[in-house]
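Here is the structure we will look at, set down as structure tokens.
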Amino acid sequence: MAKIQAIRGMNDVLPTQTPAWHYLEQVMRDLLAAYAYQEIRFPVVEQTQLFKRSIGEVTDIVEKEMYTFEDRNGDSLSLRPEGTACCVRAAEQHGLLYNQTQKLWYMGPMYRHERPQKGRYRQFYQMGVEAFGMSGIDIEAEMLMLSQDLWQRLGIADVLTLEINNLGNPEDRKRYGETLKEYLLDHREALDEDSQRRLEKNVLRILDSKSPQTQEILKQAPQLPDHISADSAAGFQQLLEILTQAGIPYQVNNSLVRGLDYYNGVVFEWTTDKLGAQSAVCSGGRYDGLSKQLGGTATPGVGFALGMERMILLLEELDRLPVGISRTVDLYICVIGEGVRQQALILAGEIRRKIPALRVLTHCGGGKYNSQLKKAFASGAQCALILEGEAAQTEIKLRVLDDSGETSTVGVESAFDSLSGLFDLEQFD
RNA sequence: GUGGCCGUAGCUCAGCUGGUAGAGCCCCUGACUGUGACUCAGGUUGUCGUGGGUUCGAGCCCCAUCGGCCACCCCA
């Protein structure tokens, strides 16, 4: 029988890696709680239409990266390639957007059929933040401050840079799109293939085309900042001022457009040069038209998503993971001889009841003194209880697992007291 | 989707111009040590990613396929 292996680009997270994930998730949860954002969860599968209508028909994501399949009843379903559309759908469906504002976050796997690469996987995890019902630039400012706060808590602020742009309000964007299209139609033949296709449904994307020839043509093109209404431009300036005051360095990039069609207003991207080709670790912006586009009532929205794998890669690369997060055992109980097996299990249970947060590993499966002690050290535990004998013991050994080799013999009854003396119990409250 | 490199024991890798496989680490046993050590003695592990082909014979050649890494592209 041939061995079955994981699907390409879909990774197992092994026990050696889960501590890093827990750490990252915990820092995020704490941060989001500090900003009073609430968690929302929604399904991994949605109607294909949801993504076609939000992300855009002619985007790469919808055109060639979605996992789309037919349900048994013939409906076209897709694994979610991103979270914003799902979040809007869920919020709208349950009346969360009716006459109220929301500050939400989510975390979970997304799916995109791309060629796997460092920092790019077919199943990847995103943490996303979305705010609904707020149209000022204060919410953009808060989100950027929140993300900056996260980088600081993780200790990676020094390797990330913020690129930011203003696409103007939806009318600005539409008007500019038409003007740009008109200009580019005159140079149609000189554009690269992709840009020619985008001319029809996705003109703005041409702005960040990598083709040198296309970029040459764009030099003479009508410029985006010239087509932005005064109030939108003023708001953008205010935002930039807040960023300056908050000590967040930024770089205005007028060709930053984003690959998802639903954006308008402020868009941004946090990038790094530490992850090879995958430079974007977090990005987002305003999407005021999205909820209406999905058939709901018009509700302003702002949000961003960040790639969890890329965060972890970055933390590992820069060695910014706190020491000690991998330790999973505090107390190791060595069980030498079948006679003390039962006593050891019962004793472990009593200790756990008395100190619920203490992580107690009872050695199972037998083995000699030497090898069990070796495992006790390898486990990272601070201390080991050693039960040895052919029958239940009244005295057991307590060994501190450091170089001192300090070992004492204690009565079973007083084992708990001895442990209390060893561990700083407050840390387990 | 395109291109380059790669796929040999749990891990890191070696394997000359094709003659059916090794090393280190780890792990286990024993000896010595009242003991995570050291040293010594011994031991387990692989359908050489998978499926075909060429050949008297393939880990080494050819084709296909799956997977990994990197870049393009795209994005988180």
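Keep in mind that the numbers below use all heavy atoms, side chains included, and drop hydrogens, waters and symmetry copies. Numbered from 1 within each chain, the chains take letters A, B, ... in sequence-line order.
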Could you spell out the base pairing of RNA chain B in dot-bracket, with Watson-Crick or G-U pairs whose two distances are under 3.5 Å, [ ] crossing and | to another strand? (((((((..((((........)))).(((((.......))))).....(((((.......))))))))))))....

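- Across B:rG68, B:rC75, B:rG1, the shortest atom-to-atom separation from the side chain of A:Pro116 is found for B:rG68.
- Taking side-chain N and O atoms only, A:Lys374 has a distance below 4.0 Å to OP1 or OP2 of B:rA37.
- At the phosphate of B:rA76, neither OP1 nor OP2 sits under 4.0 Å from any side-chain N or O atom of A:Lys118.
- Distances were taken from every side-chain heavy atom of A:Asn370 (C-beta onward) to each of B:rC28, B:rC72, B:rG36; the shortest belongs to B:rG36.
- Here the nucleotide nearest the side chain of A:Ala280, chosen from B:rG3, B:rA76, B:rC70, is B:rA76.
- Of the candidate nucleotides B:rC69, B:rG36, B:rA71, B:rG36 has the atom lying nearest to any side-chain atom of A:Arg399.
- Nearest-nucleotide assignment on RNA chain B puts the 5′-proximal partner with A:Ile7, out of A:Ile7 and A:Tyr263.
- Of the side-chain N and O atoms in A:Gln117, one or more sit less than 4.0 angstrom from OP1 or OP2 of B:rA71.
- Taking every side-chain heavy atom of A:Gln278 into account, B:rC73 is the closest of B:rU35, B:rA76, B:rC73.
- Of the listed nucleotides (B:rG34, B:rU29, B:rA76), B:rG34 has the atom at the smallest distance from the side chain of A:Glu388.
- Look at the P atom in both B:rG53 and B:rA9: the space between them is 25 Å, to the nearest Å.
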